[in-house]
Q: 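One structure, pasted below without further comment.
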Amino acid sequence: MSDYRRIKIDQAAAHVGEPVEIAGWLYNLRKSGKIIFPLVRDGSGIIQGVAVKANIPVEVFEMLKDLTQESSLILRGKLRAEARAVGGYELDVEQALLVQAVPLETPYPITPKEHGIDFLMDHRHLWLRSRRQHAILRVRHEIVKAIRDYFDSNGFTLVDTPIFTPAACEGTTNLFEVNYFDEEKLYLTQSGQLYNEATAMAFGNVYCFGPTFRAEKSKTRRHLTEFWMVEPEMAYATLEDVKRVAEELICFIVGRVLENRKPELATLERDLSKLESIKPPFPRMTYDDAVKILQAKGSEIVWGGDFGGTDETLLGEDFDRPLMVDRYPAEVKAFYFEPDPERPEVVLGVDVLASEGYGEVIGGGQRVYELDVLERRLADHGLPREAFEWYLDLRRFGGVPHAGFGMGVERAVAWLCGIEHIRETIAFPRMLNRARP
RNA sequence: UCCUCAGUAGCUCAAUGGUAGAGCAUUCGGCUGUUAACCGAAGGGUUGUAGGUUCGAGUCCUACCUGAGGAGCCA
């Protein structure tokens, strides 16, 4: 019934000269007496409309003139290429339908001016409408899709692991406890890895991809209490396979983001050369060498300790691409890491430290596969054997060398977007002092 | 859990121990090419909470609350 065809703003280039309809929200309004420039966003982009008083019905002009920010509306008119407009296209408004006006008494709280982080986080549900947040979450989507495409096209089967788990995967970190009927205590998962080992013995190469929960009282720009992690696990695989797959995965993701999300990266003012340099081979070093380098740079670290945040930054600063550090002391890593057969005091684990000081984005390695070694490691870590009987079964019934890793999605998003804080990389971040909205 | 910093108008911030202010937002008026538009005017406050010092506290002291940054721990 309408002669105007409904389009999304990001499709504007294909409809120049046509009568179209944009359904969206008023992003901003500039007016100058007898001409109005409504900026409308529709989720795919932002376009500027032009409403000239002399050319449109009086009631349409009057409605637009007093429209409040974020009121929902439908604009109809002809599309035109316009160098003066942001985005390169402009809509000559002929008709406008108000869907819902934001009341004058309760104006939209997030203005085009500056706001503090506390205010913005309190209004996260509205903040998501802004350009920057929009760009970040679109890059996140691209990264998630790239991760899935990489594994799906490389022979991995998606087998998701449970969120409710009866015991710790890693004894060191804190768990969120939940009541699970009849007062049985369960915990929110902190890693799908132990279950991945079971599914890898069933399917060969697997991955799980879901939310992870850690009740750590960490207050830093790198921590969330709820975050998304992708964890591949490969049967008949070694530490070297982990390093190869991790390197391939990261390069694949970076390639996809550069290919498909240039406009978003531009919005974020990301230095593309920092992403373009992320190519194989990534530099590799042992933990031993890393400690020597850190000591030479003035770090307090001694052999046997784990790296702090500044250590990770110090190590990475000499490279324009991620750094792989392997063979950590057994004490600093979880019980399931396979000891190096040539040096039992270190384990076959590797961390991938992102460039530009973004820190650890991937951690993984080769798993213990012999029953007696695993039993000894459980005992060394003071873990209750009963809870791990099913896990020990994997070593009783055809255990094989296997390996895998976990990649934190939000850290990868923060890194590739070049943003300061991880809280903006997920729609509704859960942190130590914030679980609302 | 520890360390550091902050809390003043809807928002972002100023105010030497001496009358609580500006920009933006909002309202009213003006403007036919604006780009966080601009110009003029108006309204808007229990200075996070509770005590204390002082003739006098937004400012100094104590406790608490909330938030931010960092440490430890981690992806």
Side-chain angles (χ1 to χ4, degrees), chain A residues 27-39 46-56 61 65-66 68-69 82-88 90 92 102-123 130-131 169-175 190-193 211-231 246 300 305-313 332-334 351-354 358-364 405-415 420-423 425-426 431-434:
Chain A
Y27 189 78
N28 200 2
L29 186 77
R30 289 186 284 267
K31 58 186 176 184
S32 175
K34 298 188 178 64
I35 185 167
I36 301 173
F37 300 95
L39 274 98
I46 296 177
I47 193 167
Q48 173 166 287
V50 189
V52 176
K53 192 171 188 178
N55 303 348
I56 60 172
F61 189 86
K65 182 165 73 73
D66 296 322
T68 42
Q69 192 189 353
E82 171 58 69
R84 285 175 292 185
V86 174
E90 203 167 64
D92 283 320
V102 174
L104 294 174
E105 314 82 66
T106 56
Y108 187 69
I110 302 178
T111 68
K113 291 280 179 178
E114 289 172 23
H115 299 282
I117 190 62
D118 187 32
F119 178 82
L120 289 171
M121 289 304 299
D122 284 343
H123 295 85
S130 71
R131 275 187 233 242
C169 294
E170 307 178 24
T172 52
T173 48
N174 299 316
L175 294 155
Q190 60 184 178
S191 166
Q193 188 228 309
T212 300
F213 307 87
R214 301 215 178 153
E216 291 158 2
K217 302 213 165 177
S218 301
K219 265 193 78 164
T220 81
R221 67 189 67 190
R222 302 187 306 278
H223 286 87
L224 298 170
T225 53
E226 175 183 319
F227 62 96
W228 284 65
M229 189 156 69
V230 59
E231 296 175 279
E300 304 276 305
D306 211 345
F307 303 136
T310 47
D311 289 329
E312 290 183 354
T313 304
V332 305
K333 289 290 176 188
D351 284 352
V352 181
L353 308 179
Y358 277 89
E360 186 183 345
V361 287
I362 283 180
F405 65 87
M407 182 173 81
V409 170
E410 288 77 12
R411 283 191 183 175
V413 175
W415 171 38
E420 191 71 3
H421 202 297
I422 198 170
R423 64 187 158 216
T425 63
I426 186 167
M431 295 175 292
L432 179 56
N433 288 318
R434 190 177 290 277

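Order of the sequence lines sets the chain letters (A, B, ...), proteins ahead of strands, with each chain counted from 1.
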Q: Does A/Arg423 have a side-chain nitrogen or oxygen under 4.0 Å from the phosphate oxygens OP1 or OP2 of B/G69?
A: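 Indeed, a polar side-chain atom of A/Arg423 lies that close.
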Q: Is A/Arg434 touching bases, backbone alone, or none of the nucleic acid, heavy atoms closer than 4.0 Å?
A: sugar-phosphate
Q: What's the closest nucleotide to the side chain of A/Glu82 if the choices are B/A75, B/C74, B/G33?
A: B/G33
Q: Across the strands shown, which category fits A/Arg131 at heavy-atom distances under 4.0 angstrom: base, sugar-phosphate, nothing?
A: nothing
Q: Measure CE/A/Met121 against P/B/U12 and give the value in whole Å, please.
A: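 To the nearest whole Å, that distance equals 14 Å.
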Q: Which part of the nucleic acid, if any, lies within contact of A/His123, taking any heavy atom under 4.0 Å across all strands shown: a base, the sugar-phosphate backbone alone, or nothing?
A: nothing
Q: Is A/Met229 touching bases, backbone alone, or none of the nucleic acid, heavy atoms closer than 4.0 Å?
A: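 If one applies the 4.0 Å heavy-atom cut-off, A/Met229 turns out to touch the sugar-phosphate alone, with no base involved.
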Q: Which whole-number value in Å describes the distance from A/Ile35 CD1 to B/G30 P?
A: 18 Å
Q: Quantified in whole Å, what is the C1' atom distance between nucleotide B/A41 and nucleotide B/G58?
A: 29 Å
Q: Give one of base, sugar-phosphate or nothing for A/Glu90, where a contact means two heavy atoms less than 4.0 Å apart.
A: base
Q: Regarding A/Ile362, tell me which of base, sugar-phosphate or nothing describes its non-hydrogen contacts under 4.0 Å with the strands shown.
A: sugar-phosphate
Q: Report, one pair per line, the protein and nucleotides 1-10 of chain B atoms (nitrogen or oxygen only) whose separation is under 3.5 Å.
A:
from: B/U1; atom 1: OP1; to: A/Lys217; atom 2: NZ; distance (Å): 3.4
from: B/U1; atom 1: O4; to: A/Lys217; atom 2: O; distance (Å): 2.9

Q: Across all strands shown, which nucleotide pairs with B/A15 by Watson-Crick or G-U wobble geometry, both distances under 3.5 Å?
A: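 Checking every strand shown, B/A15 finds no partner, since no pair has both distances under 3.5 Å.
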Q: So, does A/His115 get its side chain near the phosphate of B/C24, meaning an N or O under 4.0 Å from OP1 or OP2?
A: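 No.
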Q: Using only heavy-atom distances, decide whether a donor-acceptor pair under 3.5 angstrom links the side-chain of A/Arg411 to the base of B/C74.
A: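 Looking at the base of B/C74, it does pair with a donor or acceptor on the side chain of A/Arg411 (distance under 3.5 Å).
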Q: So what does A/Ala412 touch, heavy atoms closer than 4.0 Å: a base, only the sugar-phosphate, or nothing?
A: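 The answer is nothing, as A/Ala412 stays clear of every strand by at least 4.0 Å.
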Q: With heavy atoms under 4.0 Å as the rule, sort A/Val361 into base, sugar-phosphate or nothing.
A: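 Touches sugar-phosphate only.
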Q: Mind calculating the distance between NE2 (A/His223) and P (B/A68) to the nearest angstrom?
A: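 Going from A/His223 (NE2) to B/A68 (P), I get 15 Å.
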Q: When the P atoms of B/A15 and B/G48 are compared, how many Å lie between them, rounded to an integer?
A: 15 Å
Q: Separation of A/Arg222 atom CZ from B/A71 atom P, in whole Å?
A: 6 Å
Q: Strictly by Watson-Crick or wobble contacts shorter than 3.5 Å, is anything paired with B/A71, and which nucleotide is it?
A: B/U1
Q: Between B/U27 and B/U66, how far apart are the P atoms? Round to whole Å, please.
A: 35 Å
Q: What nucleic acid atoms does A/Leu104 come within less than 4.0 Å of, heavy atoms only: base, sugar-phosphate, or nothing?
A: sugar-phosphate
Q: Can you tell me how far P of B/G33 sits from CD of A/Gln48, to the nearest Å?
A: 13 Å
Q: Applying a 3.5 Å limit to both distances, which nucleotide forms a Watson-Crick or G-U wobble pair with B/U66?
A: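 Pair assignment: B/U66 / B/A6.
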Q: Just call it for A/Asn28: base, sugar-phosphate, or nothing, with non-hydrogen atoms closer than 4.0 Å on any strand.
A: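 Counting heavy atoms under 4.0 Å across all strands, the contact made by A/Asn28 is with sugar-phosphate only.
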